[in-house]
Each structure stands twice: as C-alpha cells, then as structure tokens.
Amino acid sequence: MTGEFSVLHLLAVKGSATSASIEQATGEEAAVVDGIVRRLAADGHVRLDAVRARWLITAAGRERHAGLRDAFGAAADPDGLQSRHAGFVSLNKELKQVCREWQIRDGLPNDHADPVYDRDVIGQLRAVHAAAGPLLAGMADAEPRFAGYRERLNAAVERLAAGDARALTGVGNDSYHEVWMELHQDILLSLNLEREAGS
Amino acid sequence: MTAVPGLMDAAALASAAATMPAGRFVASVGGKAAGLAELAARGLPVPATWVVPAGCPASALGELIAGVPDSVRHWAVRSSATVEDGSAHSFAGLFRTELNVPRADLIAATERVRASAGSPRVAAYCAAAGIAPGGIEVAVVLQPYCRPAAAGVWVGRSLHSGRLEWVPGDGDALVSGKVRPSAEEWGNAGPAREDAGRPPLRGSGGDVGRCCQAAQRALGQPADLEFLLADRDLTLLWTQYRPVTATPPRETPGRPSPSRSLIRGVPGSPGKARGRAIALDRSDDQAWRPGSVLVTRHTAPEWVPLMAQARALVTAEGGSLCHAAIIARELRLPCVTGVGAAALASIVTGTQVLVDGDAGAVTVLSQPPDGGTQSRHG
C-alpha cells in the first residue's frame, strides 16, 4: 500500500486531519507525510484549511481515492475483510443499542448518577467488545491498518472503566463510539459498500 | 509576566483597546468585548459594560465582581471567547448566556458562563477544528439587564446593503431558534420587506435598517451587528460587532407557504429547535452556516464538525440507533432521522423548519419562493 493511498484513505475516512494525526495513524515520518500531502495538494486532491491547520480531501481527491482502491484494493486481503463485514454489521447494532442506553434512560438523558445502572451498561459494552475481539483480529490479519482500531477501542474501554464517563459516546475524545464509527466508515470505503439501512 | 487585568468598565475597556497591542487585547477581553470597544470608539452607543478578563483566577472572581454597581439589580452575563478572529464567528451559539441574573447570583452566573467553555459541544468543535482543548478562554461581559422591546441581528452584504432579522424581546430567542424572526433586506434604495404590509422596524432614531447602514459606514466596512431596542423609549443600543467574514446566501423575500407540511421521521435526539435549513450533500460545502439546521442524507465522521455547529439535524436515513443520533444526543442537538429521501429533498436550503426531536417530526414553516435553487449555491 503506497503512502499516497494511506494518506488519501485516512482523509476519506475522517474527512480531515492534522499533519500530526496523519503521522500517528500512518506511522510515517513527519518529512514523508509532508512530502505526500504537498504532492496531493499540488494535484488538487487535498487542500489545507489554514485556519484549522488541517488537511481536507477534495472531490477530486475522493475520485482519486476510489480509482486507486478499485485498481489496487484497499486491503491486503480484501476477501478476508469482506468475510468479516456481516459479523461487524450484527455487532454494530448491539453497540449502538448500548450507546443509546448509556445516553438515555427511561426516555431522559442519563445523568450518570446511578452507578448500578452505569455498571450494567459498561458490562454490556464489555460483552460487545469481547465479541468484537476475534472480528477485529481477523480484520487486522486482512489489512494491518485495522490493528490501530483495536488498540484505540481497548484504550477507550480502559478509560471508561477508570471513570471517564465520556469514553463511551463522547465526541472529539476518541471515545468507543467515535473509533467504532471510524472503523465502520473504513470498512464501507475499503469494500466500496453502501451504508447499511438504519446505521 | 503581566498581572491579570482587573475588572474593566467601558472607559477602561476603551483605554485598553487604544493602548494594548491588538492581539493581547483580544486575548484578554475576548471577541465580543473587543467588538463593543470598537463600536464605542466609533461613537456608536453600547450598553454599560464591565468585563471579567479571560484567565482571571476563580478565587479572584468575587473581589472583581464586587466592583460592579450594587444599584443595578439585574444583569446580562455573556461569554466573550478569546479565539482568533477567523474562527470567532464559528463559535456562535456554543457558549452559555444568562439573562436577568439578580445581583446576588452574579458570581455564580459568571462561573457558569466560564465553565461553558468546557461543554461537550465546545470540546467536540475544538477537536474537529484542531484547536487544543483548553485553548479557549472565556472572558465574561456583564451588562445591566432590562428586557428589550426587540432585539436582532444585521448581516452586512456590502457597505450599503444587508439583511436585518429581529424578534420581540430578547435576541437570544433568535439564536436558539425558538421564535421565527421578522426579516428585511436593505439595499441602497431602502428596505425590501419580507412580511408584506408590515412597516420596517423603527427605533427612536428612525428605521433600524438605516441605522445599520450608517453604522457600517462609521465602521468603514460591512459588519455583523447585534442590537436591541430598549424597552422604555426604543433607544437603539449596539450589543455586538464583527467584521463580515462570509456573505449569507441571498433569499428572495418570502411568503409563508399556504399550508404547513409535516414530515414524519424517527426521534433521534430529544429537544426542539426552529431555524433555517441548509441541505448539503458534502460536508465541505461552503454553503454551510453555523447555527443552521443541517439537512443531509446520513452522517459519517467528516460531518461531526458541522453537527457541533448546527442548531438541529435532519437525516434521510437511519433510526434512533444511527451514528448521527448518538452524536446528536451527545451534543444535545435536537435530531430527527429517517425522514426518507423524498421528504429530505423537499427541505431545500432556505426553508424554515421546526425540528421536534421528541416526536420525530419536522414541520416546514415556510418555503423559499425560488424553490431554494439560488440559495443552495449562494
């Protein structure tokens, strides 16, 4: 997988990213990432949002990404990734049910004042996370990029267990749901699938 | 290391504006207070104002606030965020405002407004916008409060033209979307009214639209302005000023549609909000305006920055368990999902809608008469 595709794919999944987060996600040196994004920018595939200091993928960049994916594939073993999709879709429903219970209790926002209720929901998350283990391992075998999601999901579970109530459904803090949604988007983009109904 | 500035009244604010380097001044008092100082310096009337600077230690708040007059019984407490000019506008609606605060509660209200910089919505926006968490500090503007007769905004299109929107009473109803504002388009020739037959908004100094045009000339550029008309004598006071950063899409004067239509979907996230819809296929579409109702097929990670700025969210796909609903609940954003592609297509940019996230319904209040085709790419 070329550096150019790795960066384009990351931006296609996330929409935008800082140079630092591209380095972290792709494991490339700063100078290498800088060279790649500058080349992509010169070709009009990404542009720099100077105010936010983030790289954004352009419409042309999405076309380029789709072209590279269709020609060379977005996974080392596309069939191995494809075979895990159905399992993911099934767990995806369960996870989002857990998210809703974490957020809404008896029709009202959960104020996290009842530790028994919260512990029960965290228990449900652990069950989903355990079931996701083999699936995530299989995805990482099919394409090494997916190993990163597993690590980030593990970290979110640990933060939640340590008392960070935002680690399950929080926004902008690498919460479990946020990482999961990114993983979902990566699977859809990698396999060129439409979003499943209701997701 | 300079000492933390103390409480500033209007005179101290003006003097600081004149003597401090501009960057340091804005970093200390925030965008709103800096705008008030600029208005006052150009001879435009502003309410009596005191500023609690950003970075003031919590332990010093009590002593600082003891410096405002006891004779004023009720106060308006507003945030004045210290973010760079370019992004200041994007924070519209993300911070807390408290109105009609009794003198005895002033310290607690100030603390709540300062704390709103740590809310999930602000954190989400910062993360999405690449601003370091804690990279924002909130100065607080304290002004005597008296419910105004009317309040509104002016969005300048050019030095001589702009759009005026106002509501009776407090302007915060305008921002929260609880009330549908009246609107006028002003050009060189005068107003083009949107509510046929109604006279333009007038204060003691004449047509407010004309006053806004005059204020732009005094400021030397097109401006985003906020104003109120004092209850007693309709005196016009300017409450906020920012140079225009983006021109709103132009809408032809609208008429309410003959019948309100109701669109059924799925309750995604609780709460109700009213506002102007912006229908987008792509998250990087320049037509997006913070504070609008985001209307889109579905959402993916790239849409989160827009969701953090939205007043409400409507999607064609998904149910109460879709990613969009989970994020909307986290952001306390009213959301209706799963309205279907056909219904979604009927909500074009410029449509005024009421999003009821409890019932899972969207009411179309009025359609833009041009069918939204102009404003979509405005």
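Each chain gets a letter, A, B and so on, in the order its sequence line appears, and its residues count up from 1. Given the structure is predicted, the values throughout are model-derived calculations rather than measurements.
By the 30° and 60° cut-offs, the orientation of the rings of A:His184 relative to B:His323 is perpendicular.
Every side-chain hydrogen bond (donor to acceptor under 3.5 Å, both in side chains) that B:His298 has, sequence neighbours left out, goes to A:Arg195. Partners of A:Ala132 by side chain to side chain contact (heavy atoms under 4.5 Å, CB included), not counting sequence neighbours, listed by chain and number: A:Leu91, A:Leu136, A:Trp180.
The line from CZ of A:Arg100 to OG of B:Ser269 is 12.0 Å long, rounded to the nearest 0.5 Å. Here the straight-line distance linking atom OG of B:Ser283 with atom CD1 of A:Ile57 works out to 10.0 Å at 0.5 Å rounding. The line from NZ of A:Lys14 to CD of B:Glu302 is 12.0 Å long, rounded to the nearest 0.5 Å.
Within a 6.0 Å radius of CD in A:Gln24, no more than 12 heavy atoms belonging to other residues, nucleotides or ligands are found.
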Check residues 329-338 of chain B and write down every donor-acceptor pair under 3.5 Å in which the side-chain atom is one partner and the other belongs to a residue at least two apart or another chain.
from	atom 1	to	atom 2	distance (Å)
B:Arg329	NE	A:Gln103	OE1	2.8
B:Arg329	NH1	B:Gly268	O	2.9
B:Arg329	NH1	B:Ser320	O	3.1
B:Arg329	NH2	A:Gln103	OE1	3.2
B:Glu330	OE1	A:Gln103	NE2	2.9
B:Glu330	OE1	A:Thr169	OG1	2.7
B:Arg332	NH1	B:Arg329	O	3.1
B:Thr337	OG1	B:Gly318	O	3.4
B:Thr337	OG1	B:Gly319	O	3.0

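For the pair B:Ile326 and A:Cys99, the tightest heavy-atom approach, listed with the atom from each and the gap, is CD1-CB, 3.6 Å. Heavy atoms only, all atoms of each residue included: A:Gln185 and B:Ala300 are closest at OE1-CB, 3.5 Å. Contact between B:Arg282 and A:Thr58 at its shortest, heavy atoms only, is NH2-C, 4.1 Å.
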**OP:** Could you walk me through whether B:Ile327 and A:Glu178 pass side chain to side chain contact (heavy atoms under 4.5 Å, CB included), step by step?
**Re:** CA-CA 9 Å; B:Ile327 294 171; A:Glu178 201 159 53; over 6 Å; no

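Below 4.5 Å, heavy atoms of chain B meet heavy atoms from A:Ala59, A:Arg62, all part of residues 59-70 of chain A.
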